[in-house]
Amino acid sequence: MQRTMLRAKLHRVTVTQCDLHYEGSCGIDVNLLEAVDIRVNEKIDIYNVNNGARFSTYAIPGKRGSGEISLNGAAARLAQLGDLLIICTFGAMDDKEIETYTPKVAFVDAGNQITSMK
């Protein structure tokens, strides 16, 4: 049996850009993507801490070191600049994998720079 498990999480990142007229996606600073092993074009689930919106899109690379978290296309309607988001990915795992797997979680400061990892 496969179970869908948390694989990666960016905890309480701050929205830095919203562009309604850009092709839909979420731009994420490459440093953040690499830290938690989210791949470009990978499906991500986003939870807006400020308004409770929950939605899915895909990750695109943002400028390395910029702290960029940009919501594009329809997703731009679901957050405002400065909103806090939780960004997650999930993966299918069997019971044996689950026993030893630990999700990669990054905690950030107000500028979306990593302060600690779990």
Side-chain angles (χ1 to χ4, degrees):
M1 174 186 350
Q2 296 278 300
R3 299 175 191 262
T4 303
M5 304 298 290
L6 178 67
R7 204 184 58 69
K9 179 168 83 164
L10 296 170
H11 190 73
R12 295 176 68 93
V13 292
T14 301
V15 176
T16 61
Q17 296 173 295
C18 292
D19 186 350
L20 181 62
H21 301 292
Y22 184 87
E23 179 182 349
S25 59
C26 179
I28 302 172
D29 178 334
V30 171
N31 287 347
L32 296 172
L33 291 175
E34 290 175 354
V36 296
D37 190 29
I38 295 175
R39 303 292 174 96
V40 171
N41 296 317
E42 184 172 356
K43 179 184 176 185
I44 55 176
D45 289 333
I46 299 176
Y47 315 119
N48 186 324
V49 174
N50 294 77
N51 67 20
R54 300 169 72 90
F55 54 98
S56 298
T57 188
Y58 60 95
I60 61 171
K63 183 178 177 188
R64 184 180 294 281
S66 67
E68 178 184 337
I69 300 293
S70 61
L71 293 177
N72 303 307
R77 295 255 188 225
L78 300 172
Q80 296 181 22
L81 294 179
D83 279 1
L84 296 176
L85 306 178
I86 298 169
I87 300 175
C88 297
T89 62
F90 298 86
M93 299 178 197
D94 62 30
D95 287 341
K96 185 171 178 129
E97 289 173 296
I98 292 168
E99 289 177 17
T100 60
Y101 187 78
T102 302
K104 294 178 181 173
V105 179
F107 298 89
V108 300
D109 61 18
N112 294 330
Q113 302 303 309
I114 296 171
T115 58
S116 64
M117 295 285 300
K118 178 178 163 188

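Just the heavy atoms: all of them, side chains too, but no hydrogens, waters or symmetry mates, feed the values below. Treat the numbers as computed from the prediction; the structure is a model and nothing was measured.
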CA sep, side-chain torsions, deciding dist, call: T89, K43, side chain to side chain contact (heavy atoms under 4.5 Å, CB included): CA-CA 7 Å; T89 62; K43 179 184 176 185; over 6 Å; no

For a quick test of reading the model, state the closest non-hydrogen atom pair linking [X] to [Y] and the distance between them.
X: R7; Y: Y101; result: O-OH, 3.0 Å
X: S66; Y: Q113; result: C-NE2, 4.1 Å
X: N48; Y: L85; result: CA-CD2, 3.7 Å
X: D83; Y: A79; result: OD2-CA, 3.5 Å
X: K63; Y: E68; result: N-OE1, 3.4 Å
X: G62; Y: V30; result: O-CG2, 3.1 Å

For atom CD of Q80, is the number of surrounding heavy atoms from other residues, nucleotides or ligands below 6.0 Å larger than 12?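 No.
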
I'd like to know whether CZ of R77 has more than 12 heavy-atom contacts from other residues, nucleotides or ligands below 6.0 angstrom.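 Count not over threshold, so no.
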
As an exercise, state the distance from [atom1] of [X] to [atom2] of [Y], rounded to the nearest 0.5 Å.
X: I38; Y: L32; atom1: CD1; atom2: CG; value: 8.5 Å
X: D37; Y: R39; atom1: CG; atom2: CZ; value: 5.0 Å
X: I46; Y: S56; atom1: CD1; atom2: OG; value: 8.0 Å
X: C26; Y: I60; atom1: SG; atom2: CD1; value: 8.0 Å
X: I98; Y: M1; atom1: CD1; atom2: CE; value: 9.0 Å
X: M117; Y: F107; atom1: CE; atom2: CZ; value: 9.0 Å

Is the closest basic N to carboxylate O distance between [X] and [Y] below 4.0 Å?
X: R54; Y: D45; answer: no
X: K104; Y: E34; answer: no
X: D94; Y: R3; answer: no

Check the pair Y58, E42 against side chain to side chain contact (heavy atoms under 4.5 Å, CB included), reporting the backbone distance first and the verdict last. CA-CA 5 Å; Y58 60 95; E42 184 172 356; over 6 Å; no

Take L71 and V15 through the side chain to side chain contact (heavy atoms under 4.5 Å, CB included) test and state the conclusion after the steps. CA-CA 7 Å; L71 293 177; V15 176; 4.2 Å; yes

Kindly give the cluster partners of I86, where membership spreads through any ILVMFWY side chain lying under 4.5 Å from a current member.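 Its cluster partners, ordered by chain and number, are L6, Y47, V49, L84, F90.
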
Determine, using the 4.5 Å side-chain heavy-atom cutoff (strictly less than), whether I44 and I114 are members of one ILVMFWY cluster.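 Yes, because I44 and I114 connect within a single hydrophobic cluster, where side-chain heavy atoms sit under 4.5 Å apart.
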
Residue among D29, I28, L33 satisfying side-chain contact (heavy atoms from CB on, under 4.5 Å) with N31: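 So the option named by the test is D29.
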
Tell me if a side-chain donor or acceptor on N51 pairs with a main-chain N or O of L78 at a distance below 3.5 Å.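 Checking the backbone N and O of L78 against the side chain of N51, a donor-acceptor pair under 3.5 Å is found.
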
Using modelled atom types and a 3.5 Å cut-off, is there a donor and acceptor pairing between side-chain atoms of S70 and backbone atoms of G27?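 Answer holds: yes.
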
How far apart are the C-alpha atoms of L81 and T16, what are their side-chain angles, what is the distance that settles it, and do they pass the side chain to side chain contact (heavy atoms under 4.5 Å, CB included) test? CA-CA 6 Å; L81 294 179; T16 61; 5.7 Å; no

Side chains of T115 and D109: is there a donor and an acceptor less than 3.5 Å apart?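 No, no side-chain donor-acceptor contact under 3.5 Å.
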
